[in-house]
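Naming convention: chains lettered A, B, ... in sequence-line order (proteins, then strands); numbering from 1 in each chain. Fair warning: this is a prediction, and the values are worked out from it, not measured in the lab.
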2 protein chains.
Amino acid sequence: MAQRKARGVVTVADVAEHAGVSPGTVSKALNGRGQLKSETRQRVLASAEKLGFAPNLLARSLLSGRTYTVGVLTTDSVGRFTIPLLTGAEDALGAGQMSMLLCESRGDAIREQHYLRVLMARRVDGIIITGRSSNVRPSLGQDFPIPVVYALCQSDSMEDLSVLHDDEKGAEMAVNHLVETGRSRIAHVSGPPRHAATQNRSRGAATALAAAGLSLVLGEPLHGEWSEAWGREAAQRLMRSGERFNGVFCASDQIARGVADGLREGGVAVPEDVGIVGVDNWLPMAEASRPPLTTIDLNLAELGHIAATRLLSAIEGKDAASGIERVPAFLVKRRSTEIG
Amino acid sequence: MAQRKARGVVTVADVAEHAGVSPGTVSKALNGRGQLKSETRQRVLASAEKLGFAPNLLARSLLSGRTYTVGVLTTDSVGRFTIPLLTGAEDALGAGQMSMLLCESRGDAIREQHYLRVLMARRVDGIIITGRSSNVRPSLGQDFPIPVVYALCQSDSMEDLSVLHDDEKGAEMAVNHLVETGRSRIAHVSGPPRHAATQNRSRGAATALAAAGLSLVLGEPLHGEWSEAWGREAAQRLMRSGERFNGVFCASDQIARGVADGLREGGVAVPEDVGIVGVDNWLPMAEASRPPLTTIDLNLAELGHIAATRLLSAIEGKDAASGIERVPAFLVKRRSTEIG
DNA sequence: AATGTTTCTGAAACCGTTTGCGGGAAATCC
DNA sequence: GGATTTCCCGCAAACGGTTTCAGAAACATT
C-alpha cells in the first residue's frame, strides 16, 4: 500500500511551499486572521484551492480543545422513535458545523459505560442521551465533565435537562378534538398501566374531559399492550359493554388502528358513529388504517432539534438549562374524526 | 464556566509526574510497548488508574493517521431499512473499537458533497454509503482517497463494492415455500415496475415457478404502490378475475397485509384457501396482520455487519473486494402459509 | 579494572494546525 | 539621512500523545 505520507493529503506546509510563504501565514490567510497583504492572501487561497487543501480537523481540535462533535447515545436500540429525533438533532447540529457520533447501548449498562468512555476519549463537546424508556433513567451525575442533554428519556435528576414530548397536553388535544367534533361519550384505550406514557396520556385525557364536564365511558381507561390486537379486543369489549360511546381516544396509532378495525367489523361506522384519535402519527399505521387516523404527532423531530440546540448552548458556555422542557405536540386531522 | 485547561483532563504528563517517570515511559507502560521494568509499569498503571487517565484519541490519531472512525452517509434519510443496517454495522465496527459518524444527505447532492468534505476533513478511515434507493447510484469514483463500501444501495461502478440484499433469491425462497406447502396456482402482487426491487423479486419468482413447472396466475405480476391499499385492491382484482389461485407472493409485507385483509373480507380463508408470503419481516406489519405473515427477511442487520466488515478489511489494507456481494435472505414462517 | 552486553529510561522529534511575538522592510516624518 | 511608525510575515511554541534513539545503569566477562 501507499506510504502514509504519500496518501495525497495536502497540509498547510504543502500549501505554504506552493505559495512561497510559511505555514503560519497559510493558516492566517485561510482563516482571515492576522495582517496579510491582500495579494499574499489571494496567492495562498489560490494555492490551497489548486492543491485541494482540506484542513485536518483533528489537529485543529487538538489545539482548540473543541471537536465540534457530539455523542448521541441511545439507551435502547435505535428505533422508530429515535429516527425523527436524530434528523431533528442533525438539523440543529449541522447548522453549527457539528457532527454526530452514534452509539447504541441497547439497554446494556456495561455497554453504556464503555461508550461513555469512548466518547470522552474522543473529546466530544457534549452528549445527547436518548432512547425510548418507559420510565425515568439514572443521571450520569452532576460531575460529568461535559454538557449532557437527555432527549425523549427523562433523567432522574432535576439538575439535568430532559427534553421530553408532551404526552399530557397531547392527550388533552386529542380529547378536545373529539369533543369539538361532537363526541360526548368518550372511551380511552391505552397501554400498559406502568408506563409513564400511559399514565401521562390518561391524566391528560382526564383533565380535558373534566374541563368539558364529561366523564370517561366505563369510568376507567382500558389497559393492554401497545398492539393492534389489543385495540381490536378493546373494541370488542366496548361494544359488548352495552355502554353507548361515540369517541375513542387511543394511546397509540397501533391501538387506534386495531380499534378502528374492531369497530368496523362489529358494524360500527368510523367516523360516523364513533370518532377515533390515536397518538404517534406513525404514517404506515395512521395512513393505512381504515379510515386513516386523526392522531397526535409528538413532534419528535422538533424535540431532537431542541435537545441539540440546548446542548449547543451549554457547550457555548451559556448557562445550562435544567429540569424538564416539554415539546408541544400537535394534532393531525384525518378521516377518523371527520364530520358532515 | 471552568477554564479550558482546568477542565480536569488528565494527560500523560500528569500521569508521568505522579509516577515519577517521563511521558514517553507512560505511553510505553500503558500500551505495553518498549522494555520496562515490571515494577515501573505497575507504578505507571496505578497512577493512571488513580488519576482517571483517558488518552486523547485526537492526539493519537493525529500521529498514527488513523482515526478509528468511519463515516456513514445515508443518501435518503435514515429510515426503516437503515436501522437494522446501522445496528449490524455497529456490531462489526464496535468489535474493532471504531465509531460511526452519522450523516444524512436526504437525497440532496449538495448536502452529500458537503458531508463528504466534512468526513474527509475529519480524516475518517472509511465510508459506508447507504440508503434505500430504488436504483443504482453514482459512484464516488475510483480516485476517492479512502475506502468506500456501498450498503443496500448499489454503486454504478463495478470497481466499487456494493453489499446488497438478495431480492431474487429471496423471491425464489418465497415461491418455493408456497409450492412446498402445496400451492400450485400462484399470483404475484408487486410494487412499482421501475424499482429494481420489484424487477428482481419478479425475476426470482419467475425462476422458482419455472423450476417447479408452474406459471404465474394471470401470467403477469400485478404492479402497484408499496401500500396496503394496493394489496387490498390487488386482492379484489384476483378474486374478480375468475382465475383460481391458492398462493400469493407479495413483494412487501405491507402489500401482503393488504392482500390478506382483502381476501379475508372477500370470504377467502388464509392460509386454508390461499397461502401468502411477504417480504421484509417488518414486525409491526407481519405480526399484526391477520393471519401473521410468513415473510422473507432480507437480513439487513447481517448486511450492515458484512458491509462494515468489508470496509474494515479495506482499511486494514487487505485488497478491497469489488463488485456486488449479495447477503442471503431467509424465510420466516408464520400462520399465513400454515398447513394442516 | 577494563571492556562488553543487556536492560531500562529520558530527551526529543513528530503529527498538522493555530497564534503571539518579534523583527525586517518599507513608508512616513522631522 | 536618521528616527518612528506602519505593515507584513516568519519563527517557534503549543496541543497530547507515540516512537526512535542514545545513553545511563546494572550486570557479566576476561
Should [X] be listed as having a side-chain N or O under 4.0 Å from OP1 or OP2 of [N]?
| X | N | result |
| --- | --- | --- |
| A/Asn31 | C/dT18 | yes |
| A/Thr40 | D/dC9 | yes |
| B/Arg33 | D/dT19 | yes |

*5' precedence on DNA chain C between B/Arg41 and A/Leu57 (nearest-nucleotide basis)*: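 Looking at DNA chain C, the more 5' nearest nucleotide goes with B/Arg41.
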
*asked:* With nearest nucleotide decided by heavy atoms, which residue, B/Thr25 or A/Phe53, maps closer to the 5′ end of DNA chain C?
replied: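 With B/Thr25 and A/Phe53 compared, the 5'-side residue is B/Thr25.
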
*Mark yes or no for a side-chain to base donor-acceptor pair under 3.5 Å between B/Lys28 and C/dG10, with no hydrogen or angle criteria applied.*
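Answer is yes: a donor-acceptor pair is held.
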
Looking at [options], which one has an atom nearest to any side-chain atom of [X]?
| X | options | answer |
| --- | --- | --- |
| B/Asn56 | D/dG16, C/dT9, C/dT17 | D/dG16 |
| B/Lys37 | D/dG16, C/dC8, D/dT18 | C/dC8 |
| A/Thr11 | D/dG16, D/dT18, C/dG16 | C/dG16 |

_Electrostatic pair A/Arg137:A/Glu112 at N-O distance under 4.0 angstrom_ =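 Yes, this pair counts.
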
*Taking only Lys NZ, Arg NE, NH1 and NH2, and the carboxylate oxygens of Asp or Glu, determine whether A/Lys318 and A/Glu316 approach each other closer than 4.0 Å.*
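The answer is no: the pair does not qualify as a salt bridge.
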
*Indicate whether the side chain of A/Ser99 and that of B/Arg122 have a donor and an acceptor atom separated by less than 3.5 Å.*
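Checked: A/Ser99/B/Arg122 side chains pair up, N/O donor to acceptor below 3.5 Å.
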
